[in-house]
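Reading through the structure tokens given below for one structure.
A note on names: the letters A, B, ... follow the listed sequences, proteins ahead of strands, and every chain is numbered from 1. If you're wondering where the values come from, they're calculated on a predicted model, not measured in any experiment.
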There are 2 protein chains.
Amino acid sequence: MDDETAPQKGTVTQRAIERIKAMIGEGLLEPGQRLPTERDLAAQLGISRSSMREAIRALTVLGVLEARHGSGIYVTLLEAGDLLETFGVVADLSRGPRLVELLEVRRILESTATALAAARISEEQLAEVERHLAAMNATDDPEEIIAHDLAFHRVIAAAAGNDTMAAILEGLSSRTFRARVWRGYQEEGAFARTRREHAAIHRALAAHDPEAARAAAAAHVGEVEEWMRAQLGP
Amino acid sequence: MDDETAPQKGTVTQRAIERIKAMIGEGLLEPGQRLPTERDLAAQLGISRSSMREAIRALTVLGVLEARHGSGIYVTLLEAGDLLETFGVVADLSRGPRLVELLEVRRILESTATALAAARISEEQLAEVERHLAAMNATDDPEEIIAHDLAFHRVIAAAAGNDTMAAILEGLSSRTFRARVWRGYQEEGAFARTRREHAAIHRALAAHDPEAARAAAAAHVGEVEEWMRAQLGP
DNA sequence: CCAGCAGGGTGGTCGGACCACTATGAGCCG
DNA sequence: CGGCTCATAGTGGTCCGACCACCCTGCTGG
């Protein structure tokens, strides 16, 4: 009786998901705000707690809600990182031709991000880039190399000043994805080449030369892209 | 007792999600394949059906699984569209500065996609582009205009030959997102300008001129981007 | 041979019970 | 009086068992 709309479309849980999303979209629920308890929410929408829990779980994995055991359910800050975390799942589960497509997207975004970074990067950020570059060349532990490689690009993406783009790139370079590609890639002695490419990117950043940065980054990702394309062909 | 690993990390449901994701990642579960029943899966992992249902629901909203009432649970084809559908949620819930960031990402991807399309588009696809262009100019029903506008760009994205990129762009132009922006945008008489920009994009496509297409698409999205930036500024 | 129906199996929903954790405040100790 | 401890209420997490709605198969009867 609390509501007028009982359109019966889709499952009960699905409707609950939409309702909560709508509440947030309309500003009834502010970022960081605490929601009513599961029991109250279920009663409000006239559904069982089980169904409501499924809806909450769904919005949790989407990065919209956050459940704290013993405390309550909260709306996340709805920042880029929260919402785009699921992008990593795509990278993890993609295979074959789709990996090439993902690398193509990454090449486009990463080259632009690096170009933007060249124009905007601060001295502190540049120093951090150099730190990861040095650390990457100082060890031969693959695990560590990948970590610094990721951090290298992460700093650059952050310097580009677009959090959304940075979050997407983060997902496209998620740990497992990178490790999966590297495994076979470095077996071909691509180590030296990667090192040279990273150095080129750093040079362009230090010189604040966007065009050179774009080219260097595109070439860097493009190398991996071409290698992967070749793996699938014959 | 069935397994060796009971590391007790995170919630039971979270572990179930990871387990199923891992099964798919390792190829134990093929795309399109049917899973055991909820009851069996729950028994296999030693958890309750409720928890298993939450895990399944989570993977369902991520576009990894698909539940068919009365039939069973299936792995999706894991195509770009399946996995990137959640991208629309990001667009729906983003506001303020993040909308500008999203438009910037869209500008970068859309301009590249349009450039690729200029080189690869077929006669049939070009005809479809023209169809939507004409339909868009023939009516003044905002609903219909938006629909054809979306379709216009969708065909172009498809012609670029990168399904992943097309899926991302689809999410960035989702119905509600587009409607939300249009509402205020067209109040400023941006109609004629939009029409001109679309015509320019079509010309570049017909001429198979990638550079012109890139410029036209970038300008098109950039217009909206600038308008939105202005809305937030003062 | 085929249309129609009935049954079993599946996901969807519900309600309730109990557990694990957190936060709060009353009460104790220093 | 101030700080600490610990009981306790409230919250999300898990489990169970029942029933419903729907799909699919196979059987039945024309």
Open item on the list: If you assign each of S48(A) and L35(B) to its closest nucleotide in DNA chain C, which residue comes earlier from the 5' end?
Closed with: L35(B)
Open item on the list: Both T13(A) and S71(B) contact DNA chain C. Taking the nearest nucleotide for each, which residue is further toward the 5' end?
Closed with: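 The residue mapped nearer the 5' terminus is S71(B).
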- [ ] May I ask you to verify if any side-chain N or O of T11(B) is less than 4.0 angstrom from the OP1 or OP2 atom of dG12(D)?
- [x]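 No, because none of the side-chain N or O atoms of T11(B) sits under 4.0 Å from OP1 or OP2 of dG12(D).
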- [ ] Compare side-chain N and O positions of T37(A) against OP1 and OP2 of dG10(D) and report whether any pair is under 4.0 Å apart.
- [x]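 For dG10(D), neither OP1 nor OP2 has a side-chain N or O of T37(A) closer than 4.0 Å.
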Task: Residue pair Q125(A) / S122(A), side-chain donor-acceptor N/O under 3.5 Å - done: yes
Does [X] contact [N] through a side-chain donor or acceptor facing the base, at a distance under 3.5 Å?
X      : N       : answer
R39(A) : dG16(C) : no
S50(B) : dC16(D) : yes
R49(B) : dG17(D) : no
R68(A) : dG13(D) : no

Tell me the interatomic distance from [X], atom [atom1], to [N], atom [atom2], rounded to whole angstroms.
X      : N       : atom1 : atom2 : value
R15(B) : dC15(D) : CZ    : C1'   : 14 Å
E54(A) : dG11(C) : CD    : P     : 12 Å
M52(A) : dG12(C) : CE    : P     : 17 Å
I73(B) : dG12(C) : CD1   : C1'   : 11 Å
R53(B) : dA18(D) : CZ    : C1'   : 14 Å

Open item on the list: Tell me which one of T60(A), L65(A), T37(A), I20(A) satisfies side chain to side chain contact (heavy atoms under 4.5 Å, CB included) with I73(A).
Closed with: L65(A)
Where the side chain of [X] is defined as all heavy atoms beyond and including C-beta, which of [options] is the nearest nucleotide?
X      : options                   : result
R34(A) : dT11(D), dT14(D), dG12(C) : dT11(D)
V12(B) : dC15(D), dC14(C), dG12(D) : dC15(D)
I47(B) : dG11(C), dC15(D), dG12(D) : dC15(D)
H69(B) : dC22(D), dT13(C), dG13(D) : dC22(D)

Open item on the list: Over 60° means perpendicular and under 30° means parallel, so tell me whether F87(B) and F87(A) are parallel, tilted or perpendicular.
Closed with: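 Correct class here is perpendicular.
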- [ ] Have a look at I56(A) and say if it touches a base, only the backbone sugar-phosphate, or nothing, with a 4.0 Å heavy-atom cut-off.
- [x]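 Result for I56(A) = nothing.
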TODO: Could you tell me whether D141(B) atom CG has more than 12 heavy atoms of other residues or ligands within 6.0 Å of it?
DONE: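 Check passes, neighbour count above 12.
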TODO: Decide yes or no on side-chain contact (heavy atoms from CB on, under 4.5 Å) for H153(B) and H198(B), but give the supporting numbers first.
DONE: CA-CA 10 Å; H153(B) 290 289; H198(B) 278 167; 3.4 Å; yes
